[in-house]
Amino acid sequence: MTQMPPPVLAPDVFQRRLLGWFDAHGRHDLPWQHERTPYRVWVSEIMLQQTQVATVIPYFERFMARFPNVLALAGASQDEVLHLWTGLGYYARGRNLHKAARVVVDEHGGEFPVHNLDDMAALPGIGRSTAGAIIAQSTGQRATILDGNVKRSLSRLHAVEGWPGRPAVERRLWALAEHFTPRERLVDYTQAMMDFGATLCRRGRPDCARCPFNDVCLAHERGEERRFPESKPSKALPTRTTLMLLLCDDDGRVLLEQRPPSGLWGGLWGLPQFDDGESLRAWLDARAPGAKLAPSWASFTHVFSHFRLDITPQPARIARLDAVGEAQRWYDPEQPDSIGLAAPVKALLSSLAPFTLTAPAGPEPLHQEYSS
DNA sequence: AACCCGGGGTA
DNA sequence: TACCCAGGGTT
């Protein structure tokens, strides 16, 4: 076990400097800072997990106007909640927010369990850091946060080596965060830690000249502020392949399917997808036996953060297909419906509009042409 | 075009 | 316990 160097400052010195900076330069007028109830702090924290303050504010205001308390939220339908979440992305968090409201009402008598960190962290969508943030900010009890801002500041201050996603690094950062957490002024301290990372100890250009810790910061001493926190080790992206069926009818409309509610492109509309030509054919035989295949189009690649997807569009034509399932629709590229489309599907469909798909006389073998 | 983000899920 | 996942915004 490696001996860790001690923290660069005693807790009381760190707190005094941080709060002095916060009093002069922190954010004091955010909507959730006034009438700072657990409910309002919770909603703001969940929204802020994925989005910056300026974007969150109008969403937060609309949300509060429609769902002023946890009871109102628990009584709403999931659709209504997701409607107000539209545009924020990460809909799983909107769903968790709704689920957690129901747990608070059903299992905690409508009161957030703000006197028990573990109970808070057991609520859907709330982990250790968010639980700490809600408790500290809504009650002033001693609780510690470790969000991305705090991880960045602390890893610079102590030149913590290694990617914070690694358990050993994360443990060290939690220990530092707990070490500095005061026993008083928790509301201000917690906001100060977030503001400090967000506005001064920024990812790109930290403002070291104005930093109250620039005399003790180990990263600054080495002139290596930008090296911390270390980034996630990059891996070669795996490549997956898929066939996307462009089944067109005589009116030039294309068959779309709605994707399952969770996972990749959850809830969005897309083209029927297949791992290989065999399963595509089987699908056509079963559901559109009169369809005629055209030669497939050139493949293209869509890149995600964690894999590359090689997409081969496979056009086919059918005179008419009456049985359209609930999660299916005919889509007219020239008069697009206002629905959510997966990004590459959207690109494919908009490129489709000016063209007419032609089908050969008979069924063709699947023929893949790869562009360079 | 990389990089980032807190929590949930899985092997 | 040690990964992987989502997907829009920032840089």
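Reminder, nothing fancy here: chain letters follow the sequence lines and each chain counts from 1.
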Open item on the list: Using 30° and 60° as the class boundaries, would you call the ring planes of Phe213(A) and Phe14(A) parallel, tilted or perpendicular?
Closed with: parallel
Task: Integer-rounded Å distance: dG8(B) C1' and Asn96(A) CG - done: 8 Å
Task: Any pair counted as salt bridge (Lys or Arg N to Asp or Glu O under 4.0 Å), so long as it reaches residues 184-197 of chain A, sequence neighbours left out - done: Asp23(A)-Arg185(A), Arg27(A)-Asp195(A), Arg185(A)-Asp188(A)
Task: Closest nucleotide among dA2(C), dC5(B), dG7(B) to the Arg152(A) side chain - done: dC5(B)
Open item on the list: Heavy atoms from C-beta onward define the side chain here; which of dC3(B), dA2(C), dG7(B) lies closest to that of Arg203(A)?
Closed with: dC3(B)
- [ ] On DNA chain C, check which nucleotide each of Thr51(A) and Arg171(A) is closest to and give me the residue with the more 5' one.
- [x] Arg171(A)
TODO: Could you tell me whether the side chain of Arg40(A) and the main chain of Pro31(A) form a donor-acceptor pair under 3.5 Å?
DONE: yes
TODO: Give the rounded distance in Å between these two atoms: CZ of Arg227(A) and C1' of dC3(B).
DONE: 18 Å
Task: Interatomic distance where CD belongs to Gln49(A) and P belongs to dC5(C) [whole Å] - done: 20 Å
- [ ] Could you tell me the separation between the CZ atom of Arg128(A) and the P atom of dG8(B), rounded to a whole number of Å?
- [x] 14 Å
Task: Nearest-nucleotide pick for Gln52(A), side chain only, options being dG7(B), dT10(C), dA2(C) - done: dT10(C)
Task: Geometric cation-pi criterion, Arg128(A) with Trp174(A): 6.0 Å, 45° - done: yes
Open item on the list: Could you check whether atom CD of Glu111(A) has more than 12 heavy atoms from other residues, nucleotides or ligands sitting under 6.0 Å from it?
Closed with: no
Open item on the list: Please confirm whether the shortest side-chain N or O distance from Ser231(A) to OP1 or OP2 of dA2(B) is below 4.0 Å.
Closed with: no
Open item on the list: Taking Val160(A)'s backbone N and O only, do any of them form a donor-acceptor pair with Arg172(A)'s side chain (distance below 3.5 Å, no angle check)?
Closed with: no
Task: Heavy-atom pair of closest approach, residues Val70(A) and Val105(A) - done: O-CG2, 4.1 Å
Open item on the list: In whole Å, I'd like the distance from the CG atom of Leu48(A) to the C1' atom of dC5(B).
Closed with: 12 Å
Open item on the list: Judged by each residue's nearest nucleotide on DNA chain C, which is more toward the 5′ side, Gly165(A) or Arg226(A)?
Closed with: Gly165(A)
Open item on the list: Tell me the interatomic distance from Arg259(A), atom CZ, to dC5(C), atom P, rounded to whole angstroms.
Closed with: 14 Å
Task: Nearest-angstrom distance from the residue atom CH2 of Trp85(A) to C1' of dG8(C) - done: 14 Å
Open item on the list: Heavy atoms from C-beta onward define the side chain here; which of dC5(B), dG7(B), dC4(C) lies closest to that of Lys232(A)?
Closed with: dC4(C)
Task: Rounded distance (Å) that lies between atom C1' of dG9(C) and atom OH of Tyr59(A) - done: 12 Å
Task: Residues touching DNA chain B, which here means a heavy atom under 4.0 Å, drawn from residues 141-148 of chain A - done: Asp147(A), Gly148(A)
- [ ] Describe the nucleic acid contact of Ile46(A) in one word from base, sugar-phosphate, nothing, applying a heavy-atom distance below 4.0 Å.
- [x] nothing
